[in-house]
Amino acid sequence: MKVVCPGSFDPVTMGHLDIFTRAAATWDEVVVLVTYNPNKNGLFSAEERVRLIEESLAALDNSPSNVTVDTWDRLLVDYLVDNNVNALVKGLRSSLDYEYELPMAQMNHRLSGVDTYFLLTSPQYGYVSSTLCKEVAKYGGDVQGLLPEPVVKAVEAKFA
């Protein structure tokens, strides 16, 4: 079965990689889908995010071979229908994530019949978010261990 792990991943964190690799151990094919709004300026372009995810996955000791990366800038369910995908995988750090993700999962199911599977984030990444990492890095804080090494270097370059 093919599943999609959607998100903005601006930037990808160690928590994201944890979800991707755990999904890859459970499902046959995992597509990490970089979703973005072309009218908004993130820290990284969609192309940079794809490259950073690919580099980060490749740098893992046991890099999964069944993970690919793609981009999408329209309604998520359209990607799922167009690519014959019937399941999403999302990571949950806390009940706040659940409260945010539940209505989207229900709407996606209503629109396309797609099921959403939630994986609980590993405890060591429960507080890690892209937004928090960007803020720490912006003010010169240490994000080693929170972001994959290729991302640490890219974030530091953006804020240099």
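Only this structure's heavy atoms are used, side chains among them; waters, hydrogens and symmetry mates stay out. The first residue of the sequence shown is numbered 1, and numbering continues consecutively from there.
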Ignoring hydrogens, what is the shortest heavy-atom contact between [X] and [Y]? Give both atom names and the distance.
{"X": "Ser130", "Y": "His16", "answer": "OG-CE1, 3.4 Å"}
{"X": "Pro6", "Y": "Thr35", "answer": "CB-CG2, 4.3 Å"}
{"X": "Ser122", "Y": "Arg22", "answer": "OG-NH1, 3.7 Å"}
{"X": "Phe20", "Y": "Val67", "answer": "O-CG2, 4.4 Å"}
{"X": "Val12", "Y": "Pro148", "answer": "O-CD, 3.5 Å"}
{"X": "Val155", "Y": "Ala137", "answer": "CG1-CB, 3.3 Å"}

When rounded to the nearest 0.5 angstrom, what is the spacing between [atom1] in [X] and [atom2] in [Y]?
{"X": "Cys5", "Y": "Ile53", "atom1": "SG", "atom2": "CD1", "answer": "10.0 Å"}
{"X": "Asp78", "Y": "Leu76", "atom1": "CG", "atom2": "CG", "answer": "8.5 Å"}
{"X": "Thr68", "Y": "Glu29", "atom1": "OG1", "atom2": "CD", "answer": "5.5 Å"}
{"X": "Leu119", "Y": "Leu92", "atom1": "CG", "atom2": "CG", "answer": "8.0 Å"}
{"X": "Thr116", "Y": "Met104", "atom1": "OG1", "atom2": "CE", "answer": "9.0 Å"}
{"X": "Cys133", "Y": "Tyr127", "atom1": "SG", "atom2": "OH", "answer": "8.0 Å"}

[X]-[Y] co-clustered via ILVMFWY side chain contacts under 4.5 Å:
{"X": "Val4", "Y": "Val69", "answer": "no"}
{"X": "Leu60", "Y": "Val151", "answer": "yes"}
{"X": "Met1", "Y": "Val32", "answer": "yes"}
{"X": "Leu57", "Y": "Val50", "answer": "yes"}
{"X": "Leu120", "Y": "Tyr125", "answer": "no"}

Next item on the list: Applying ring-ring contact (aromatic ring centres under 6.0 Å, His included), name anything that partners Phe118, two or more places apart in sequence or on another chain.
Entry: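 Phe118 satisfies ring-ring contact (aromatic ring centres under 6.0 Å, His included) with no other residue.
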
4.5 Å side-chain heavy-atom contact, [X] and [Y]:
{"X": "His109", "Y": "Asp115", "value": "yes"}
{"X": "Val31", "Y": "Val3", "value": "no"}
{"X": "Arg93", "Y": "Ser129", "value": "yes"}

[atom1]/[X]: more than 12 non-hydrogen atoms of other groups inside 6.0 Å:
{"X": "Met107", "atom1": "CE", "value": "no"}
{"X": "Lys138", "atom1": "NZ", "value": "no"}
{"X": "Glu135", "atom1": "CD", "value": "no"}
{"X": "Asn62", "atom1": "CG", "value": "no"}

Item checked: Residue pairs involving residues 87-107 (criterion ring-ring contact (aromatic ring centres under 6.0 Å, His included); sequence neighbours excluded) ->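 Listed once each, the pairs would be none.
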
Check: Under 3.5 Å, side chain of Glu48 to main-chain N/O of Ser45, donor-acceptor pair present?
Finding: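 Answer holds: yes.
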
Note to self: Could you check whether any side-chain N or O of Asn66 sits under 3.5 Å from a backbone N or O of Ala24, counting only pairs where one atom can act as donor and the other as acceptor?
What the structure shows: yes

Notebook entry, point to check: Does the separation of the ring centres of Trp72 and Tyr36 fall below 6.0 angstrom?
Noted result: no

[Y]/[X] salt bridge by N-O under 4.0 Å criterion:
{"X": "Lys153", "Y": "Glu55", "result": "no"}
{"X": "Asp97", "Y": "Lys90", "result": "no"}
{"X": "Asp10", "Y": "Arg49", "result": "yes"}

Check: So among Asp142, Val143, Leu146, which one has a side-chain contact (heavy atoms from CB on, under 4.5 Å) with Val152?
Finding: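 The passing option is Val143.
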
Margin query: Checking Leu88 against Leu80 for the side chain to side chain contact (heavy atoms under 4.5 Å, CB included) test, could you report, in this order, the C-alpha distance in whole Å, the side-chain angles of both residues, the deciding distance, and whether it holds?
Written below: CA-CA 9 Å; Leu88 296 170; Leu80 303 172; 3.8 Å; yes

Next item on the list: Check step by step if side chain to side chain contact (heavy atoms under 4.5 Å, CB included) holds for Met14 and Leu147.
Entry: CA-CA 5 Å; Met14 293 302 294; Leu147 301 174; 5.6 Å; no

Note to self: Walk me through whether Phe9 and Phe44 qualify under side chain to side chain contact (heavy atoms under 4.5 Å, CB included).
What the structure shows: CA-CA 9 Å; Phe9 310 119; Phe44 295 101; over 6 Å; no

Next item on the list: Step by step, work out the side chain to side chain contact (heavy atoms under 4.5 Å, CB included) result for Val89 and Ile19.
Entry: CA-CA 8 Å; Val89 173; Ile19 296 298; 4.2 Å; yes

